[in-house]
2 protein chains.
Amino acid sequence: MITLTVDLAERSYPIFIGQDLLQQPGLVAPFVKGTQVMIVTNSTVAPLYLDRAKALFTDLQVDAVVLPDGEEYKNLEILNRIFDQLIGGHFDRKSTLVALGGGVIGDMTGFAAAAYQRGVPFIQIPTTLLSQVDSSVGGKTGVNHPQGKNMIGAFHQPQAVVIDTLTLNTLEDRQLSAGLAEVIKYGLIRDLAFFEWLEQNLEGLMARDHALLAQAIERSCQNKADIVAADETEQGQRALLNLGHTFGHAIEAGMGYGAWLHGEAISAGMMQAAYMSQLLGDLSAADVERIGAIFKRAKLPIYPPNELSNEQFMHYMAGDKKVQAGKVRLVLLKSIGQAYISGDYPAELLQKTLTEWRS
Amino acid sequence: MITLTVDLAERSYPIFIGQDLLQQPGLVAPFVKGTQVMIVTNSTVAPLYLDRAKALFTDLQVDAVVLPDGEEYKNLEILNRIFDQLIGGHFDRKSTLVALGGGVIGDMTGFAAAAYQRGVPFIQIPTTLLSQVDSSVGGKTGVNHPQGKNMIGAFHQPQAVVIDTLTLNTLEDRQLSAGLAEVIKYGLIRDLAFFEWLEQNLEGLMARDHALLAQAIERSCQNKADIVAADETEQGQRALLNLGHTFGHAIEAGMGYGAWLHGEAISAGMMQAAYMSQLLGDLSAADVERIGAIFKRAKLPIYPPNELSNEQFMHYMAGDKKVQAGKVRLVLLKSIGQAYISGDYPAELLQKTLTEWRS
């Protein structure tokens, strides 16, 4: 088992990574404060792992709420079901919430924990590659608004994160690919050596080699933990984690949440950012091709949906959180392994990117 | 003008108290960070003060959302209207929210500010006595759940609080009385001298003498600020502020939010706590009578509604946030001016209180 620590002073917490951690009750027990545990999961994950997750918490009142599965349910209305069950079961302010599932479950459970009685602790048990390498680190929680992703939320750090790589055995191929999009992102924004390692090991990861998966998860979480420790509430460099996300969020919102997986949308979005970086003279055409090659090997889309017009892109991008005072700030690449954030680019290059980077 | 400071390290903020502060733009200008201001108010306050509030923010994009007036609208669904308008207007993460209204508006605006894009700043302009002496200090924000008050929320401190006592001129008598319930509470829990001052000046306050009102507001805010500074997230002595609230919340929830005003409910609730303190041998019958006398002069109810049975009381009290591990913790009085919190009392005395303290 690998243990990483996300270093946030009194809000620091461990991430445990390994095989079969869902069979080790001793891991999570020290992180439960009160006597009541509410597991939040969805209808896909519950039949697979809920019993095992419940068995982690012995001698406690353990209840579960099973939400419908999908990004389209990540909203205030479905969030309220968690509150209904907590209040109906008289869960007190020392209750612990447990997120068992992917990023949607993690974000919603985290926000429910942030808001229930103005804040209770929570534990993350991410079961998708995407959530293991992304939403399990950093404390961002929230729900979507029909007009914008993650517009309503809180920063709320978990007590601990338990990543059992065995849960990836039951993950759909499409979801595994979507997770790899975020993994590749860490290479692109700040870790060229990791990008090269991924180029060498991509097929092994796609074949679910557990040793390789654990390495990729560790390196991804370490990259994210380093960034988050330096910038907990996203005032500066943390924004680099949003490479491809401004474009990607427009794709997700424009196509209707759930149509494109988050990882698919940011894969196309990272290609748009890469192409724009080429137009700005920072990347070569060969760089862009090299980035596209690894996404293609990961069976990820490299072009945005043609149904989405430039105008629709601009509409959704203008509503993105990274806008400050009306200006769309974008994460772009100086080189593979080095990202930067800028609102200071010729507006026509963004238009040119939207027009030209099409299938 | 009086200026108090709520001392919370980097989250410290000033409270300005005085006549006609809504005509002084210089007061609030330093507390706006970005270029966009969203004023949240309700349909009662908007015709009276919205224009004046807007005029406070010059050279900025100022918009307003007008919610229906009443505690029954303090829920997630109505909260979402604030998010709709923020997102629809492309308000960015440096936007400032302004709460213009009573406690419901303050709590909802504060929670919207805590959750919008995971946190934006806000300014409070409380226009009721209750909100001026209570919800404007302490950073508690949130909405109700059908089964429990303030069950969903956040701790989020304002940038500044502006209390213009002239707004009390338009306040209904019943609302003024409800505010006095919280004012009297500060005397009861920790400030005997203030309780005695209130006994001497109650009729002047009821007649809206502005000098007396400013003094009462200052002393109330100072008491609350002292408690909050010592215990920002309610781990300890801050719970004393809940004198009468466990009983009172049961009254509000049991009668349907909005039927009894919060101040009315906690007035009856404080009397129940006082009577129980008498049963415990700490207060004399004369003390209980003395407390009842000041509430009666303030035209506040001293008995709970007879429609609410003991069983209903216990049901709603068991759902209260102050329950830990199934035990109803209550704030009780050692003497007038000295409260304490306890879950360690004979259960039958609570039953006896519910049965005997009836009109």
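Every chain is numbered from 1 and lettered A, B, ... according to where its sequence line falls, protein lines coming before strand lines. We use all heavy atoms of the structure for the numbers below, so side chains are in, but hydrogens, waters and symmetry mates are not.
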- Message: Heavy-atom pairs under 4.5 Å with chain B - which of A/Gly119, A/Gly142, A/Gly153, A/Gly89 has more of them than the others?
- Response: A/Gly153

- Residue part contacting chain B, namely of A/Phe111, when any heavy atom lies under 4.5 Å: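 The answer is the side chain of A/Phe111.
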
- So what's closer than 4.5 Å to chain B heavy atoms on A/Ser95: side chain, backbone, both or neither? neither

- Query: Do B/Lys140 and B/Phe155 come within less than 4.5 Å of each other through their side chains, counting heavy atoms only?
  - Reply: yes

- Task: Give the member of B/Leu86, B/Asn80, B/Leu79 that has the highest number of heavy-atom pairs under 4.5 Å with chain A.
- Result: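 So the answer, after comparing B/Leu86, B/Asn80, B/Leu79, is B/Asn80.
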
- Message: Under 3.5 Å, is there a donor on one side chain and an acceptor on the other for B/Glu182 and B/His262?
- Response: yes

- Are B/His249 and B/Tyr316 close enough that their ring centres sit under 6.0 Å apart? no

- Message: Looking at B/Gly269, is its backbone amide N or carbonyl O close enough to the side chain of B/His245 to form a donor-acceptor pair, meaning the two atoms are under 3.5 Å apart?
- Response: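 Not at all, since once roles are kept as given, no pair shorter than 3.5 Å links the two residues.
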
